Amino acid sequence: MDQQHKPDAGDIAPTENGTNMPPVGGPYAWYVLALMVLVYVMNFIDRQILSILAEDIKRDLNLTDAQLGFLYGTAFAVFYALFGIPIGRLADNWVRTRLLAIGLTLWSGMTALSGLAGSFSQLSLARIGVGVGEAAAGPSAYSMISDWFPKARRATALSIYAAGLYLGGGVSLLIGAVVVKGWNAAYPGGGPLGLVGWQAAFMAVGIPGLLLALWVSTLIEPQRGRADGLPPPVPLPGKTIVRNFFADMASVIPPFTLVNMALLGRRAFLGNVAALALVAGLVAALVTLTGEIPQFLAVGTGLYAVISWAQSIRHRDPATYELIWGTPAFVLTIIGFGSISFVGYSVGFWAAPYALRHFVEPMLASGQPVPWYGTREAAAFILGGGGALGGFVGTILGGVLGDYAKQRHPSGRIIVGSLATLVPAPFIWLQYTTTDLGSFFLWFLPTTVFGSMYVGVAAATTQDLVMPRMRGAATATFFIGTTLFGLGFGPWFTGFVSKLSGDLATGVLALLLMMPVTLGCLWFVYRNLPAAEATRVERARAAGEII
C-alpha cells in the first residue's frame, strides 16, 4: 500500500491469500459478529453452568460456600487474567482467527473433563484449564470486531458481542437443570463411568465447542487499523512473534518472571524482587487473617504476574505501556468497571444457589402444594431466561446509549456506564431481603438489565484509548479488572461472608460496599477521558511508536 494513501473505512483491502477483503461494516462484518456472539455464548455456558450445578457439587464433594466461590471465580479468573496478557499480546501480532479456534478447543475440552472430576482439587485444575483457554476469546474477538466496524458503531458492535455473555449465562442454567434431572432420572445410582447428573452436564456443554472451533477457523482475518483509516502496522517475522510470545509468557509466569527481569537489567530485577516480597507479605497476612489459602495464593500469583508484566512491557514496548499503564484514565477505567463486575459476577453466580437453598428446596421438603415456579427447573428457566433477556437488552441498550452520549460529550459513555452501579443497588437490596420467591424473581430482571449496561461502554472506552496494534493487550489488561478483581474476588467474597455469617443474603448485600469505589473511579475517568483520547497518537509517538 502506498504510504501516502490514508485508507478509507470502506476500502477493499487484500487478505492474506490476496483476495479482496469485505468492506468495514458490511454484511461479512455482521456475519463475523454473529459468529463471535455464538462463541461468547458458548464461552459463558461453559463458565456459568457451575451456578445451577453448585448445590449438587457442594453436596457430593462436601464443599463450603467459599470453595464454591473459588471454583467459579478465583480458579478460573486468575489464570484467565494471567494467560490473557501474553495471549492478548499474541492477538496483536498473530492470526486472530487461528488463536481463537485454538482457545475454543482448549476451554471446551477442559469443560468436558470437568465432568470426570471427583474432588475439589481435580475440579479446580479443570476450571484453571477453562480459564487458560477462554483467555484467547476476548482479545481475539474484541480486536477483530474493532477492525470490522468503524469507530462510530464500535460500542454498538462490541455490546452486541458482549450480550453473548448473558445469553450463554442464561442458557447454561436451563441446560444444566434439564441435563441433571434427565440423567439422574435415567441413572439414579450413577450412569456410565459412575457419572452423576452434574458431571454429565459439564460434558454436554463442553463437547459441542470442539465443532464450533472448526467453524471459527474458516473466518477471514481482518486488516488491522483499516476501520480507523490507519495504515496497517508492519508485520513481524514469525520468529519474532514466537520470541515475543515466550517473552510475554516469561513476564507473567513465576518463577520465569525473575529470569525475564534479570535480562532487562539490575534495576528491573530488583524492582521485581521488591514487588514479589510485597505481594508475598500481603498474601501471608490475608491467609493468616482468613485461613483461605487457595484463594489468596491464587490471587497473589495473579497480582504479582500483573506487576511483572507491567514492568516488563515498560522496557520492551514503551508505547503500549504509556497508553495503558501510563494513562491514569485507562487504569481507573479498569478499576471502576472492574468493581462493577465484582458485584455483577457475584450476583449472577449466587442467584440460583440462593433461590434453590432458601426457597425451592424448603418448599419441596414441606410437602405443601408448590407453585409452578417453585421447582428447580422453573427456577433455572426464570433466572436463566431473565438473565439472558435482561443482560442482552441491557448490554445492547448500554452500547447504543453510550454511542449516542459519546456524540454529545467526549465522556458521555462513562455517564451511561455509571448507571450499572447506581440503578441496580436498590433492586439487589429488595431481592435479597424478600421472603417471597416470586418477588425474588421479579427484582432479578431490573438488576440484570441495568447492571449489564456498562459492558460495551467499558470495552469501547479501552479500545479508543490505544492504537490499533495494542487492542489485544488493552483487552487483556481490561480483563484484569473484570476477572482478576471482579470475578476473582466477587463470588469468593460473597461465599466467605456467607461462611462467616451463616447467611448467603448477607454475603450478597455486602457487595454494595463497593459502590463508593466505583463512583470515585468513574468520576475521575469522566473528567480525564477527553484529554487522554485526544493525545493518544502524540503520546504513543513520543514513547517511540512509528506512526
Side-chain angles (χ1 to χ4, degrees), residues 46-48 50-51 54 57-58 61 63-88 106-107 110-111 113-114 117 119-135 138 249 251-258 272 275-310 334-335 338-339 341-342 345-346 349-350 476-477 479-499 507:
D46 292 354
R47 187 187 308 188
Q48 187 73 16
L50 184 65
S51 177
I57 295 172
K58 180 180 181 180
L61 301 186
L63 306 182
T64 67
D65 279 348
Q67 287 176 310
L68 282 176
F70 174 85
L71 283 172
Y72 173 75
T74 315
F76 172 92
V78 169
F79 292 90
Y80 178 91
L82 192 154
F83 280 85
I85 294 169
I87 291 175
L106 176 58
W107 90 62
M110 295 306 292
T111 298
L113 287 176
S114 298
S119 68
F120 173 71
S121 298
Q122 291 173 358
L123 192 52
S124 295
L125 290 174
R127 293 291 291 175
I128 288 171
V130 174
V132 173
E134 289 196 10
M249 288 285 288
S251 71
V252 296
I253 306 297
F256 302 110
T257 47
L258 293 171
N272 189 257
L276 176 59
L278 180 64
V279 171
L282 180 62
V283 168
L286 291 171
V287 167
T288 301
L289 181 65
T290 65
E292 295 285 325
I293 297 176
Q295 169 69 20
F296 289 106
L297 279 180
V299 170
T301 300
L303 178 60
Y304 167 66
V306 170
I307 295 173
S308 296
W309 177 69
I334 296 172
I335 299 174
S339 64
S341 71
F342 178 95
Y345 275 123
S346 189
F349 173 69
W350 287 109
T477 308
F479 283 161
I480 289 172
T482 58
T483 54
L484 184 59
F485 178 38
L487 182 56
F489 265 109
W492 171 85
F493 174 80
T494 293
F496 182 69
V497 174
S498 172
K499 186 178 78 169

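Since the structure is predicted, the reported quantities are computational estimates derived from the model, not experimental observations.
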*Apply side-chain contact (heavy atoms from CB on, under 4.5 Å) to Thr64 and list each qualifying residue two or more places apart in sequence or on a separate chain.*
Ala66, Gln67, Lys499

*Spacing of Ile334 atom CD1 and Thr482 atom OG1 [to the nearest 0.5 Å]*: 9.0 Å

*Looking only at heavy atoms, what is the nearest atom pair of Pro86 and Val252, with distance?*
CD-CG2, 3.8 Å

_To check you understand the geometry: which heavy-atom pair defines the closest contact between Asn272 and Ser308, and what is its length?_
ND2-OG, 2.9 Å

_Set of ring pair (Phe, Tyr, Trp, His ring centres under 6.0 Å) partners for Phe79, sequence neighbours left out_ = none

*Search all heavy atoms of Ile87 against all heavy atoms of Val132 and return the closest pair with its distance.*
CD1-O, 4.0 Å

*Which is it for Ile128 and Val78 under the side chain to side chain contact (heavy atoms under 4.5 Å, CB included) test, yes or no, and what are the steps along the way?*
CA-CA 8 Å; Ile128 288 171; Val78 169; over 6 Å; no

*Locate the shortest heavy-atom distance separating Thr74 from Gly488; write the atom from each residue and the value.*
OG1-O, 2.8 Å

*Excluding sequence neighbours, so at least two apart, what forms side chain to side chain donor-acceptor pair (under 3.5 Å) with Ser341?*
none

*According to the interplanar angle, ranging from 0 to 90°, do the rings of Phe496 and Trp492 count as parallel (below 30°), tilted (30 to 60°) or perpendicular (above 60°)?*
parallel

*Counting only N and O atoms by type, is there a donor-acceptor contact under 3.5 Å from the side chain of Arg127 to the main-chain atoms of Gly73?*
no

*Tell me, with the steps shown, if Phe120 and Leu71 meet side chain to side chain contact (heavy atoms under 4.5 Å, CB included).*
CA-CA 8 Å; Phe120 173 71; Leu71 283 172; 3.8 Å; yes

*Check Ala275 against Ile307 and note the closest heavy-atom contact, atom names and distance.*
CB-CG2, 3.7 Å

*Apply side chain to side chain contact (heavy atoms under 4.5 Å, CB included) to Arg47 and Leu487, showing your working.*
CA-CA 11 Å; Arg47 187 187 308 188; Leu487 182 56; 4.2 Å; yes

*Mind listing the closest non-hydrogen atom pair of Ala135 and Phe83 along with its distance?*
CB-C, 4.0 Å

*Could you pull out all residues at least two apart from Ser339 that satisfy side chain to side chain donor-acceptor pair (under 3.5 Å)?*
Thr518

_Trace of the side chain to side chain contact (heavy atoms under 4.5 Å, CB included) decision for Leu63 with Phe70_ = CA-CA 11 Å; Leu63 306 182; Phe70 174 85; over 6 Å; no

_Just to verify, what does Thr494 make a side chain to side chain donor-acceptor pair (under 3.5 Å) with, not counting sequence neighbours?_
Ser346

*Could I get the full list of side chain to side chain donor-acceptor pair (under 3.5 Å) partners for Ser251, not counting sequence neighbours?*
none

*At what distance, to the nearest 0.5 angstrom, does CD1 of Ile57 lie from CG of Leu50?*
4.5 Å

*Taking atom CG of Leu484 and atom OG1 of Thr477, what is their separation to the nearest 0.5 Å?*
12.0 Å

*Just jot down the side-chain contact (heavy atoms from CB on, under 4.5 Å) partners of Leu282, sequence neighbours excluded, or say none.*
Leu286, Leu303

*asked:* Using the ring pair (Phe, Tyr, Trp, His ring centres under 6.0 Å) criterion, which residues pair with Tyr304? Sequence neighbours excluded.
replied: none

*Please identify each residue that fulfils ring pair (Phe, Tyr, Trp, His ring centres under 6.0 Å) with Phe349, with sequence neighbours left out.*
Tyr72

*Partners passing side-chain contact (heavy atoms from CB on, under 4.5 Å) against Ala126 (at least two apart in sequence or in another chain)*: Ser114

*Rounded to the nearest 0.5 Å, what separation is found between the CG atom of Leu61 and the OG atom of Ser119?*
7.0 Å

*Quick one: pull up CD in Glu134 and OG1 in Thr483 and give me the separation to the nearest 0.5 Å.*
11.0 Å

*Nearest 0.5 Å, what's the CH2-CG distance between Trp107 and Asp46?*
7.5 Å

*Contacts of Phe76 that satisfy ring pair (Phe, Tyr, Trp, His ring centres under 6.0 Å) - sequence neighbours left out*: Tyr80

*Would you please name every residue forming a side-chain contact (heavy atoms from CB on, under 4.5 Å) with Leu113, sequence neighbours left out?*
Met110, Leu116

